[in-house]
Amino acid sequence: MARIVDGIKRVVIGRALPSEGLQETLLPKRLALPIFASDPLSSVAYATQEILLVLTLGGLAYLHLTTWVAMAVVGLMAVVVLSYRQVVHAYPSGGGSYEVVATNLGPSAGLVVAASLLVDYVMTVAVSVASGVDNIISAVPSLNDYRTGMAVGFVALLAAVNLRGVRESGRAFAAPTYLFVAGVLIMCATGLFRWLVGDAPVAESAAYGVTAAPGNSNLTGLALLMLGLRAFSSGCTALTGVEAISNGVPAFRKPKSRNAASTMTAMGLIAVVMFSGITALAMIAKVHITEDTCRLTGFAGDCATTPQRTVIAQLAAAIFGGDHSFGFFFIQAATALVLVLAANTAFNGFPLLSSILAQHRYLPRQLHTRGDRLAFSNGIVALAVVAGGLLWVFDASVTNLIHLYILGVFTSFTLSQTGMVRHWNRALRDETDPAQRRRHQTARLINGLGAFVTGLVLVIVLLTKFMQGAYLAVIAAVALWLMMRGIRRHYDRTAAELAVTDPTDETVLPARVHAVVLVSKVHKPTLRALAYARACRPDTLEALTVAVDRDEAKVLQDQWDAFGIEVPLKTLASPYREVTRPVVEYVRSLNRTSPRDVISVFIPEYVVGHWWENLLHNQSALWLKSRLLFTPGVMVISVPWQLSSSEHRPQRPTRRAPGSVRRGEPALTPWANHPDPADDPAAEPDRAPHVDTH
C-alpha cells in the first residue's frame, strides 16, 4: 500500500529535490509576473462587471457613473502600486504587509493583517475559480449544472501543480497569463479602432432594458452617493493580489528588491490598461447586465435558469463577429483559464505567509516545513481544502462569494501603509544626508497618501458590503486572530516549561529502575521482551498479565512454570474484562509507592508487512501506550517482533533517508539502515505497527 501511495505521489508531485536546489527555484521576472500577478491581471475580467451589476440596481439611468467609478479605481491602483514598491525595497525578506505592520505597529496589529490576508487568499481562490467557471459556462451553457464540481476539481488541480514547486507552477501558468493579456489587449485595440472609424461594436444585451430593483429607482442625494460608493467598492476587486509580490520577494532572482519592484510596476501598468479598455468598450457597446436576470426586459431565454453572458464574453462576441467566431472562443478560453490560474497568486502567497507565521510560532510549525519539491506543501494543501469547501458551500457562485471579498485586502493595505509612514519617520530621525532625506520624505508622502486612500476605501467597503456577507469575512478573520494568539501562548508556555534552568536538576539519576514486561502468552515476542528487559539491567524485573479469563490465566501460569522462566509473573484480576485500566492502575501504584523510581514498561509487538494484516489483530496495546505516556515517571519501550511478511518486504534501492531533504542532508543512505516510513512508527505515528497482547 505504501509503495502504491508513494508511486502516485511521485507521478503527481515529481521526484524529491535536495535543499541545495533551492537556488534553482528562484524566478526570473518573466515567470514571476504570471505567478505573483495573475490575480490582479485576471481581476480585470470581472471588475468592470461588478461595477455594472451594482449600478444597474437603479436601472439604466445610472450607468453614466461607470466612467467616474472606473477612474477612481485606476487612481487607487496607481497609489497602491507605488506604495507597495516602497514596501518591496524597505522589507525584502518577504513578510510583506505582515512584517511591515508587526515591526512598526506591534505584533497584535501584525496579526490583524495576517488574519485578513489569510482569509483574503482563501477568497481569492474561491472567487477566481468560480469566475473562471462562469466564463466556461458563458461559452458552453450546458455545463451550468456541473458548476460546483468543476470548481472544486480546478482547485485540486491547482494544488497538485503548486505541490510540484514554484518554478514548475510558473512554467505551467506563464503561457495562459500572457495569452490572456495579449488577447484582451488585441480585443480592446480592435474594439476601439472600430469605434474610431464609426463601426462601434454593439453588445447582445444592448437592446435589453433594465428594471430597477425594488427601492432603487429615482435615487438622489445620499442614496445616489451610496450607490456610487458601493459600485466603487465592487470595482476595487481589481486590486486584489497586488500585495502578493511584496510577500514573495525571496522567490525572485537577485537583485531581489529591484526585480520585484519592476514586476510590480509592469503588473500595475498592464492591469490599468486592460481594465480601462474593457470598461470603455462596455460603455461603447452598451453592455447591460444585472444580478437578477429576470430584471432584464427582452432577455431571450428563461431568466430563472439561463445564465447571462459575462461582460468580457459579450464584448468578445460583439468585436470579433459573434459567439461562433475564433476570437470569441479564444477570449473565453484564455479568460476562463487565467481566472482559474489567478488562484495561483494565493497558492504562492498563502503558504509563504503561513510559513512566516509558523516560524514566529503563530501557526503550527508544520506549515514552515518545505515538502519534497521545496514548496510549503502543508500550506498549499490547507488552502486547497478550505477554498474547496467554501466553493462547495456557496455553490461556486461569484455573486454570493464576491461580498466576502476584498475586505481583508484593504485592511492590510491601510495598516501596512500606516506602518510604512512610521518606518520613514524613524528613518528620518537618524538620516543626515540631504539627498537621502528627500527620498525618505517622498516615500513617506506616497505611503501616507496610500494609507489615507485605502483607509477611506476600507470604510466604504465596510459600509456597503458588511450586511451583504462581508461580516462573515470579519468573523473568520477575528476567529483566526484569536486562534493564532492562542497558538503562540501554547508555544510560549511549552518553551518555558521545557527550558533548562539548572542542568543538574535534569540529570539526577533515579533511585531505582523497576521494569515491567507485559505478557499475553508465552511465545517468542514475550521471550525477546524479557531478554531485552534483562539486558537493560533494571533493579527489579517482573512480568505482568491481566486475567480476562481465569482459565486462560491459569494455563499461562502453568506454561510459565513449565518453561522455568525465572522472572516472576504477576496476574491482575479483571472482573469487567478490561486490559488497559488494570495495567495503568498497577503501574501508577508503583509510581506512587516510590516516586523517585522510574518504571520501564516493555511491550512486545508484532510488526506486519501488509496494511491489511493490521485488521486481523487487535490494537489494545496502542491504548495501553497512549494511557501510560501520560503517567509521570513511566517509560514505555516497544520490543518489535517482525513476522515473516515484514521480513519479505522488497528492499528499496539506495535513496535519501526520510526527512533528509527538509533537513538539508546531502548524503545518500541505504534503506537497509533506514526503514520505510510506512514501517517506522516514529516517522509516521498514524500507522503504528500492530501490538498483540492477547
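Positions are given from 1 along the sequence.
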Test item: R437 side-chain N/O and E431 main-chain N/O as donor-acceptor pair under 3.5 Å: yes
Other residues, nucleotides, ligands: >12 heavy atoms within 6.0 Å of M483 CE: yes
Pair Y84 + F413: ring centers closer than 6.0 Å: yes
L53 backbone acceptor or donor facing T56 side chain under 3.5 Å: yes
Taking every non-hydrogen atom, the tightest pair across V74 and S276: CG2-OG, 3.7 Å
Side chain W481, main chain A114, donor-acceptor under 3.5 Å: no
Backbone N/O of R30 and side chain of Y178: donor-acceptor pair under 3.5 Å: yes
Close side-chain approach of L65 to L224, heavy-atom, < 4.5 Å: yes
Side-chain (N259) to main-chain (R253) donor-acceptor, under 3.5 angstrom: yes
More than 12 heavy atoms from other groups under 6.0 Å of CZ on R361: yes
Residue F452 excluded, over 12 heavy atoms near CZ under 6.0 Å: no
Spacing of OG belonging to S354 relative to CG belonging to L352, to within rounding of 0.5 Å: 7.5 Å
Value rounded to 0.5 Å, distance of CG in L415 from OG1 in T454: 8.5 Å
Pairwise side-chain contact, V129 with F154, heavy-atom cut-off 4.5 Å (strictly under): yes
From CA spacing to verdict: side-chain contact (heavy atoms from CB on, under 4.5 Å), L239, S43: CA-CA 8 Å; L239 278 76; S43 296; over 6 Å; no
Any donor-acceptor N or O pair under 3.5 Å, side chains N447, Q417: yes
Candidates T411, L353, L117 - the one meeting side chain to side chain contact (heavy atoms under 4.5 Å, CB included) with S97: L117
Closest approach of P351 to I380 (non-hydrogen atoms, all atoms of both residues): CG-CG1, 3.6 Å
Sidechain-backbone polar pair: D120 side chain, S116 backbone, donor-acceptor under 3.5 Å: no
Rounded distance (nearest 0.5 Å) linking atom CG of L52 with atom OH of Y62: 16.0 Å
Aromatic ring pairing Y98/H360, orientation class (parallel under 30°, perpendicular over 60°, tilted between): tilted
With sequence neighbours excluded, residues passing side-chain hydrogen bond (donor to acceptor under 3.5 Å, both in side chains) with N104: Y91, R426
Any side-chain heavy-atom pair of I51 and T279 under 4.5 Å: no
Rounded distance [0.5 Å steps], NE2 in H368 versus CD in Q366: 12.0 Å
Any I312 side-chain heavy atom under 4.5 Å of V184 side chain: yes
Sub-4.5 Å side-chain heavy-atom contact between V101 and V112: no
Main-chain N/O of W424 paired to R444 side chain as donor or acceptor, under 3.5 Å: no
Rounded distance [0.5 Å steps], CG in L33 versus OG1 in T263: 6.5 Å
R488/D492 salt bridge by N-O under 4.0 Å criterion: yes
Shortest non-hydrogen separation from A260 to V249 and the atoms involved: CB-CG2, 4.0 Å
T103 side-chain N/O to E99 backbone N/O, donor-acceptor pair under 3.5 Å: yes
Candidate pair V386 and L390, rule side-chain contact (heavy atoms from CB on, under 4.5 Å), full reasoning: CA-CA 6 Å; V386 177; L390 201 62; 5.7 Å; no
Flag, side chain of S234 to backbone of R230, donor-acceptor distance under 3.5 Å: yes
Contact summary for T48 and A282, nearest pair of heavy atoms: CG2-CB, 4.1 Å
V113/S416 under side-chain contact (heavy atoms from CB on, under 4.5 Å): CA gap, chis, key distance, verdict: CA-CA 8 Å; V113 169; S416 67; 5.8 Å; no
Student check: side-chain heavy atoms of L41 and V338 closer than 4.5 Å: no
Beyond-backbone contact of V242 with M77, side-chain heavy atoms, under 4.5 angstrom: yes
Any donor-acceptor N/O pair, Q49 side chain to V311 backbone, under 3.5 Å: yes
side-chain contact (heavy atoms from CB on, under 4.5 Å) between F180 and V44, intermediate numbers included: CA-CA 11 Å; F180 169 73; V44 302; 4.2 Å; yes
Validation row: L76, V457 side chains within 4.5 angstrom (heavy atoms): yes
R485 side, atom CZ; L111 side, atom CG - distance, nearest 0.5 Å: 7.0 Å
Considering all heavy atoms, the nearest F252-A32 contact: CE2-CB, 3.2 Å
Closest contact, heavy atoms only, G228 versus V69: O-CG2, 4.1 Å
